[in-house]
A.B. asks: 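This is the structure I want to talk about, given as structure tokens.
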Amino acid sequence: MAYRKPHSRKFHPRQILPSWSPAHTAAINLVFLSLMERFGITDIPSYLRKLRIPIVISAVIGACIGAYDSGLKGLFLGALLGLIAPAGLLWLGLLVAAIVLYLAVYLAAWAVILCVLWWLISS
């Protein structure tokens with residue numbers, strides 16, 4: 001039998017590159033739920049009552065775009081998607097902000113490492 005090297009010596013990019021895990025998404029979901037509670041939104045009626053203006057705007061835009069593209073079926077689907085658009089945009093905004101923060105910390109750590117290495121080499 002041939003001797004094979006163990007796979008533990010193999011280089012894995014995830015060892016130095018940041019990776020987004022399900023734990024990060026779960027944290028964003030918890031932040032989203034706390035943000036909705038802070039707005040006073042705890043259930044569907046309070047969601048519809050508190051965000052009625054953005055919901056109406058999103059539903060009208062979604063219905064117009066859906067009707068233009070797919071007729072009557074698109075009208076109804078666009079209006080339904082417009083109902084959840086404000087919540088979806090809030091969640092997406094939180095997700096993008098968290099990703100930017102995560103990458104900023106990663107890049108700042110690399111900048112500190114490179115500055116220390118530069119300082120050691122130039123000394």
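This chain uses plain numbering: 1 for the first residue, then up along the sequence. What you see is a predicted model, and the numbers here were worked out from it, not measured in a lab. Only heavy atoms go into these numbers, but all of them, side chains included; no hydrogens, no water, no symmetry mates.
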A.B. asks: Nearest 0.5 Å please: distance from the OG atom of S46 over to the CG atom of L51.
C.D. replies: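 S46 atom OG to L51 atom CG measures 9.0 Å (nearest 0.5 Å).
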
A.B. asks: Out of V31, I41, T42, which residue meets the side chain to side chain contact (heavy atoms under 4.5 Å, CB included) rule with M36?
C.D. replies: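 Testing M36 for a side chain to side chain contact (heavy atoms under 4.5 Å, CB included) against V31, I41, T42 leaves exactly one candidate, I41.
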
A.B. asks: When you look at CD1 of I113, are more than 12 heavy atoms from neighbouring residues, nucleotides or ligands closer to it than 6.0 Å?
C.D. replies: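 It does: I113 CD1 has more than 12 such atoms within range.
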
A.B. asks: Distance check, rounded to the nearest 0.5 Å: F32 atom CZ versus E37 atom CD?
C.D. replies: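 Those atoms lie 11.0 Å apart.
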
A.B. asks: Got a second to check how far I121's CD1 is from L114's CG, nearest 0.5 Å?
C.D. replies: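 That separation rounds to 9.5 Å.
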
A.B. asks: Taking the side chain as everything from C-beta on, heavy atoms only, tell me whether L94 gets closer than 4.5 Å to L90.
C.D. replies: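 Not in contact.
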
A.B. asks: Linking I/L/V/M/F/W/Y whenever their side-chain heavy atoms sit closer than 4.5 Å, directly or via other members, would L80 and I44 fall into one cluster?
C.D. replies: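 In one cluster: yes.
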
A.B. asks: Please report the interatomic distance CG(L48) to CG(D43), rounded to the nearest 0.5 Å.
C.D. replies: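 Atom-to-atom, L48:CG and D43:CG are 9.0 Å apart.
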
A.B. asks: When you compare the side chain of V60 with that of C64, does any pair of heavy atoms fall below 4.5 Å?
C.D. replies: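 Yes; the side chains approach each other to less than 4.5 Å.
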
A.B. asks: Determine whether more than 12 heavy atoms belonging to other residues, nucleotides or ligands lie under 6.0 Å from atom CD1 of I53.
C.D. replies: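 No - once you tally the heavy atoms of other residues, nucleotides and ligands closer than 6.0 Å, there are 12 at most.
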
A.B. asks: Hydrophobic clusters here meaning ILVMFWY residues chained together by side-chain heavy-atom distances under 4.5 Å, can you tell me if L83 and F39 are in one?
C.D. replies: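 Same cluster: L83 reaches F39 through Ile, Leu, Val, Met, Phe, Trp or Tyr contacts under 4.5 Å.
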
A.B. asks: Can you tell me how far the CG atom of L35 sits from the CH2 atom of W91, to the nearest 0.5 Å?
C.D. replies: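 The CH2 atom of W91 is 13.5 Å from CG of L35, to the nearest 0.5 Å.
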
A.B. asks: When you measure from the side chain of S70 to the backbone of A67, do you find a donor-acceptor pair of N or O atoms at a distance under 3.5 Å?
C.D. replies: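 Side chain of S70 to backbone of A67: no pair is present.
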
A.B. asks: In terms of hydrophobic clusters joined by side-chain contacts under 4.5 Å, are L95 and L103 together?
C.D. replies: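 Cluster IDs for L95 and L103 match.
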
A.B. asks: What residues form a side-chain contact (heavy atoms from CB on, under 4.5 Å) with A98, not counting sequence neighbours?
C.D. replies: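 Checked A98 against side-chain contact (heavy atoms from CB on, under 4.5 Å); matches are W20, I28.
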
A.B. asks: With rounding to the nearest 0.5 angstrom, report the CD1 to CG distance, I65 to L77.
C.D. replies: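 CG of L77 is found 13.5 Å from CD1 of I65.
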
A.B. asks: So does I55 get a backbone contact from the side chain of S58, meaning a donor-acceptor N/O pair under 3.5 Å?
C.D. replies: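 Not confirmed, S58 side chain does not pair with I55 backbone.
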
A.B. asks: P86 and Y47: which non-hydrogen atoms are nearest, and at how many Å?
C.D. replies: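 Closest approach of P86 to Y47, heavy atoms only: CD-OH, 3.6 Å.
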
A.B. asks: Would you indicate whether Y102, at its atom OH, is surrounded by more than 12 heavy atoms from other residues, nucleotides or ligands within a distance under 6.0 Å?
C.D. replies: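 Correct, the count exceeds 12.
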
